[in-house]
Amino acid sequence: MPATSATTTGPKTSRPVRKQAAPRARNGPRGGRKREFTTRRGLLIAAFMAPAAIFVAVFTYYPMIAGSQMAFRHWDLNDLTDTSWVGLDNFHRVFSDPNWGTVLGNTGAWVIGSIVPQLVIGFALALWLRRRFRFRGVYQALIFFPWAISGFLIGILFRWMFNSEFGVVNDLLQKAGLIDQPVAWLADPHKAMIAVLIANIWYGVTFFAIMILAALQSVPDELYEAAALDGAGKARTLFQITIPYIRVTLVLTVLLRVIWIFNFPDLIFGMTGGGPNNQTHIVTTWMIKITQQGDYGKASALGLLVVAGLLLFTVFFLLATREKREVRS
């Protein structure tokens, strides 16, 4: 009996306790420790980056510096015996040129007259493409297709369309009864700029539609459902929900597009070449024309002015981006 009771009342056999593995660190790869930066790793990274850095330095920065010094020299291909230092004389020749006022005004009209319609039409297309309907993918492909074509080719296409003798634009306007006789769009100094603006608007709407549509995809549907429950109409939903939510994308897209249009001579060269009588020249097309005439000093000075203008746009771009992020946060 005592032996039996001792057996039944004795302490239970303890099981071995497994030690829990220490949690892996999340800093390094596969949970290991973060690799330390060594001289060997630094040299390896530099070796991989060296070819790209040399390529950019040789084909980008060196031509930029070499071209910039031409702006302060007498550099004319018709007389290479004299390449003396002339200081700011090339800039003075740019500002005193009788075409400077016309070119500057055309540049402002080119940028503003293109941006506003592109933004409005691109926004409307993005709102329409956000809805679900049959063959939406086909419509998206058709709308986004122009962005894949070269701007110079678009210019040639619209040059034929605006041709005064057999252009499709005059033919459609005559059949609609809007004009009685063909209009010389590209030969008239007052109508040529309108023609190139129409072509650029058609070409740039695609970019706005792509960017705004991508931003609209991020707007939660719950916001629209809550607005519908509150009785908000389409206009109120647009200006109080949609636009504020994608405001950052709108600002950055507009600023980026301004920089591109300011530095976009392809379409104008394809349509008019800057004519008639320099009435469609913008700063960049005028610079190319001066280069073709061999006056590299004046063209380089104008190029530096273009770079300065684009830098101002870039600074404004960065400041606007930082301000919008702070407001949103």
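Along the sequence shown, the residues carry numbers beginning at 1. The structure displayed is predicted, hence computed values, not measured ones. Only this structure's heavy atoms are used, side chains among them; waters, hydrogens and symmetry mates stay out.
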Which side chain to side chain donor-acceptor pair (under 3.5 Å) pairs, counting each pair once, include a residue from residues 295-309, with sequence neighbours left out?
Arg93-Asp295, Asp97-Lys298
I need the Leu44 CG to Phe48 CZ distance, nearest 0.5 Å.
5.0 Å
Side chains of Arg73 and Ser84: closer than 4.5 Å at any heavy-atom pair?
no
His74 side chain reached by Asp76 side chain, heavy atoms, under 4.5 Å
yes
Between atom CE of Met64 and atom CG of Leu304, what is the distance when rounded to the nearest 0.5 Å?
10.0 Å
Quick one, Val205 with Phe123, criterion side chain to side chain contact (heavy atoms under 4.5 Å, CB included). Give me CA distance, side-chain angles, the key distance, then yes/no.
CA-CA 9 Å; Val205 161; Phe123 199 107; over 6 Å; no
Given 3.5 Å as the limit, does a donor-acceptor pair link the side chain of Thr60 with the main chain of Ala57, or not?
no
By salt bridge (charged side-chain N to carboxylate O under 4.0 Å, His left out), which residues pair with Arg130, not counting sequence neighbours?
Asp221
Test your reading of the model: is there a side-chain donor-acceptor pair from Tyr245 to the backbone of Gln240, 3.5 Å cut-off?
no
Work out which heavy atom in Gly113 is nearest to a heavy atom in Leu197; give both atom names and the distance.
C-CD2, 4.0 Å
Report yes if the distance between the aromatic ring centroids of Phe95 and Phe91 is under 6.0 Å, otherwise no.
no
Per-pair distances, 0.1 Å, donor-acceptor, side chain in residues 258-268, under 3.5 Å, sequence neighbours excluded:
none

Phe72 and Trp85 aromatic ring geometry - parallel, tilted or perpendicular at 30°/60° bounds:
parallel
Sub-3.5 Å donor-acceptor pair from the side chain of Asn277 to the main-chain atoms of Gln279, do we have one?
no
If only side-chain N and O atoms count, and only distance matters, is there a donor-acceptor pair under 3.5 Å linking Trp75 with Asn90?
no
Donor-acceptor pair, side chain of Ser218 and main chain of Ala215, under 3.5 angstrom:
yes
Is there a donor-acceptor pair closer than 3.5 Å between any side-chain N or O of Gln217 and the backbone N or O of Ala214?
no
Could I get the full list of side-chain contact (heavy atoms from CB on, under 4.5 Å) partners for Asp171, not counting sequence neighbours?
Lys175
Under 3.5 Å donor-acceptor pairs involving side-chain atoms of residues 154-168, not counting sequence neighbours:
| residue | atom | partner | partner atom | Å |
| --- | --- | --- | --- | --- |
| Asn163 | OD1 | Glu165 | N | 2.8 |
| Asn163 | OD1 | Phe166 | N | 3.3 |

Hey, does the side chain of Thr285 reach the backbone of His281 with a donor-acceptor pair shorter than 3.5 angstrom?
no
Which pairs, with at least one residue in residues 111-123 and sequence neighbours excluded, count as a side chain to side chain donor-acceptor pair (under 3.5 Å)?
Ser114-Asn200, Gln118-Arg257
